[in-house]
Structures are given as structure tokens and as C-alpha cells.
Amino acid sequence: MSFVEIPLNKLKLSPANMRQGDVDCSDLIASFRARPVVLHNLRVTAEAAEGGKPTGFYLVHVGGRRFRAANAMVEMKLWKKTHPMPCAICEDEAEALAESIAENVLRLDPHPAQRFKAFKALADQGKSVAEIAALYGRTEIQVRRSLKLAVVSPRLFELYERDEMKFDQLSAFTVSDDHAAQEAAWFDAPPHSRWAHEIKRRLTRGQPSTEVDPLAKFVGLDAYREAGGTVIPDLFGDKDDSGFIGDAALLERLAEDRLGGLAADVRAEGWTWVEVSVSLP
């Protein structure tokens with residue numbers, strides 16, 4: 001087997017490539033845009049005409065997504081048609097399909113924990129969230145979540161790596177940066193009381209949720225923040241502004257003030273007794 005660089009315009013997708021038709025290559029395109037390097041060789045066979053004479057083209061049976069992503073870069077005018085592609089030339093055409101199947105089936109994706117740690121290592125080296133997202137075809141919120149997960153208490157993170165903790169449980173710990181509090185929320189709780197929502201409740205000390213709390217919805221987060229209120233962010237919430245109210249007393253006062261204004265309107269109707277309360281007595 002020989003290893004050479006072949007111009008992209010001399011490559012074609014092989015019928016023996018397991019991935020045919022439309023294939024999502026958005027992650028590779030993003031990676032190529034951030035770092036114009038093809039890290040792994042394509043495996044190709046020489047194309048021959050009916051008489052057996054080589055046509056000068058090579059058929060890609062392993063690396064179809066890389067091939068497609070490279071052509072997308074050409075279409076975007078970011079690479080030339082002759083962009084050199086690292087290739088391993090396979091002389092045995094009969095093995096092409098077997099190699100393609102092995103490439104796509106006999107593979108083991110890394111544990112998600114390894115990705116979280118890898119992103120953190122890049123951040124520690126000075127890479128920004130935007131740069132990491134561009135390098136690996138991720139959104140910035142996905143990278144921020146990964147970085148937040150990577151700094152959960154090492155004791156808890158190890159449980160997740162050993163598959164002794166579910167992802168939603170690990171993500172629940174990100175509402176606090178206090179490792180001691182995180183560990184207490186897990187190890188001091190009985191096994192049947194370690195659901196993600198219970199972990200969040202312990203770490204936030206039962207503070208109101210911005211997503212479901214009626215007072216938070218009634219007052220509005222903008223008004224709450226303008227009054228000096230803080231929100232404990234929840235990167236894994238269902239909304240962009242998900243989190244927990246940091247000052248429940250302030251939220252209650254703001255709700256009472258707004259209710260007071262509504263009560264004045266009711267009194268103006270002629271009612272002799274109007275009282276406001278944020279909860280039913």
C-alpha cells in the first residue's frame with residue numbers, strides 16, 4: 001500500500017463506499033474552515049476503464065464524508081479544486097467494500113466525558129468558546145455546557161465516567177460551582193433521591209425557577225434584574241434565560257408592588273376593601 005497526496009479533482013466517490021446519497025458533513029466543513037487540514041488518509045483504488053486502462057482518477061471507498069466536505073469547501077471558494085488530499089492507495093479492489101464497512105461499523109465513539117475534558121484543555125490553552133465551536137462543528141452553547149460539565153467535582157465526574165451517574169444528573173450539578181455543596185447534594189442523599197431536579201433543588205436551596213415560578217413570570221426577569229436581582233444560570237434549562245432566582249425576598253416585594261398598582265385600579269371602581277397578597281392566606 002502506498003501513501004500519496006492526490007488532487008481533489010482527481011477523486012470520485014466509490015460505489016463501494018458504504019455511505020451513499022446525502023450525508024451530513026456540517027461538522028467536518030466547520031472543522032476544515034477552522035483548520036484546513038485533513039487529519040486522516042482517505043483510502044482509494046485506481047479507477048480503470050472497461051479495457052482495464054487507468055483513467056487517472058481514484059475512487060474513495062473510505063473517507064466519503066471527508067471527500068464531500070472537501071468538495072463543499074471548493075464550492076464555497078475556500079479551497080482550490082486541486083487541493084491535495086492525503087490518500088492510501090489500496091491495490092486490492094475486492095477489499096474496498098470490506099474496508100468501507102469496517103471504517104463505519106467497527107468504531108467506538110469516545111465517552112462524552114472525554115470530550116468535555118478535551119474542550120476544557122483547549123480552553124485552558126487559551127482557546128475561546130467561539131474558536132472551539134468552530135474547530136469541532138459545535139454551537140457555542142454546546143461548548144459552554146461542555147466546559148461547565150468539565151469542572152463539576154472530580155469525585156462526581158468520575159462516577160459519570162464510570163457510567164454510575166446519568167447525564168442529566170451530572171448536568172444538574174452545574175447550577176453551583178461549590179464542589180463541597182455538589183458532593184453533599186449527591187453523597188448525603190439516599191440513592192432514591194438523586195433525581196436531577198432534586199439535585200438542583202438542594203444546590204439552589206429551593207430558590208424559585210425562572211421557568212415555572214408564577215411570581216418570576218408575573219414580575220418579569222428584566223424588572224427583577226433592574227431592581228438589582230440576580231439569577232443563578234442553568235445552562236441545561238429549556239430556555240435561553242433558564243435559571244433560579246437568587247433573591248426570592250426581592251422578587252416577592254416586586255410582585256407586591258405590582259399588585260399594589262393593580263389594587264389601586266380596583267379601588268377606583270368603588271370597592272371599600274381591597275387587599276393584595278402574593279399567596280393565599
Check: Between Ser242 and Asp234, is there a donor-acceptor pair closer than 3.5 Å when you use the side chain of the first and the backbone of the second?
Finding: no

Next item on the list: Linking directly or through intermediates, with side-chain heavy atoms under 4.5 Å: list the remaining ILVMFWY members grouped with Val274, chain and number order.
Entry: Val266, Trp271

Next item on the list: Please answer whether the main-chain N or O of Leu250 pairs with a side-chain N or O of Tyr224 as donor and acceptor at a distance below 3.5 Å.
Entry: no

Next item on the list: Determine whether the side chains of Ser153 and Gln182 contain a donor N or O and an acceptor N or O closer than 3.5 Å.
Entry: no

Notebook entry, point to check: Does CG in Asp22 sit with more than 12 non-hydrogen atoms of other residues, nucleotides or ligands closer than 6.0 Å?
Noted result: no

Margin query: As a quick check of understanding, evaluate side-chain contact (heavy atoms from CB on, under 4.5 Å) for Leu8 and Lys81, giving each step before the final call.
Written below: CA-CA 6 Å; Leu8 180 60; Lys81 294 180 180 180; over 6 Å; no

Notebook entry, point to check: Under 3.5 Å, side chain of Arg66 to main-chain N/O of Asn41, donor-acceptor pair present?
Noted result: yes

Note to self: Between Leu221 and Ile245, does the side-chain contact (heavy atoms from CB on, under 4.5 Å) criterion hold? Intermediate values first, please.
What the structure shows: CA-CA 9 Å; Leu221 290 183; Ile245 297 298; 4.0 Å; yes

Check: To the nearest 0.5 Å, how far apart are CD in Glu75 and NZ in Lys77?
Finding: 9.5 Å

Notebook entry, point to check: Got a sec, which pairs hit ring pair (Phe, Tyr, Trp, His ring centres under 6.0 Å) with one end in residues 14-42, sequence neighbours left out?
Noted result: Phe32-Trp79

Next item on the list: Apply the side chain to side chain donor-acceptor pair (under 3.5 Å) test between Arg65 and each candidate in Asp24, Asn17, Asp27; give the one that qualifies.
Entry: Asp27

Notebook entry, point to check: Rounded to the nearest 0.5 Å, how far does CD of Glu161 lie from NE2 of His111?
Noted result: 7.0 Å

Next item on the list: Could you give me the CA-CA distance, side-chain angles and deciding distance for Met85 and Val60, then say whether side-chain contact (heavy atoms from CB on, under 4.5 Å) is met?
Entry: CA-CA 11 Å; Met85 300 292 288; Val60 180; over 6 Å; no

Check: Will you find, in the side chains of Ser193 and Arg202, an N or O donor that is under 3.5 Å from an N or O acceptor?
Finding: yes

Item checked: Short N-O contact, Arg253 and Asp257, less than 4.0 angstrom -> no

Next item on the list: Can you run down the salt bridge (charged side-chain N to carboxylate O under 4.0 Å, His left out) pairs that involve residues 129-146, sequence neighbours left out, and say none if there aren't any?
Entry: Glu140-Arg144

Next item on the list: Run the numbers on Leu13 and Arg68 for side-chain contact (heavy atoms from CB on, under 4.5 Å), then give the verdict.
Entry: CA-CA 9 Å; Leu13 188 68; Arg68 291 179 176 90; 3.2 Å; yes

Item checked: Salt bridge flag under 4.0 Å for residues Arg194 and Glu198 -> no

Margin query: Clusters formed by hydrophobic residues whose side-chain heavy atoms approach within less than 4.5 Å: which one holds Val212, and what are its other members?
Written below: none

Check: When clusters are formed from ILVMFWY side-chain contacts under 4.5 Å, directly or step by step, what else is grouped with Leu203?
Finding: Phe116, Ile141, Leu149, Val152, Leu156, Phe157, Leu159, Tyr160, Met165, Phe167, Leu170, Phe173, Val175, Trp186, Phe187, Ile199, Ile232, Leu235, Phe236, Phe244

Item checked: Donor-acceptor contact present, side-chain Gln207 to main-chain Gly246, <3.5 Å -> yes

Margin query: Under 4.5 Å side-chain heavy-atom separation, chaining through any Ile, Leu, Val, Met, Phe, Trp or Tyr, what else clusters with Val23? Say none if it is isolated.
Written below: none

Note to self: With rounding to the nearest 0.5 angstrom, report the CG to SG distance, Leu11 to Cys87.
What the structure shows: 5.0 Å

Margin query: Counting only heavy atoms not in Arg267 (residues, nucleotides, ligands), do more than 12 fall under 6.0 Å from its CZ?
Written below: yes

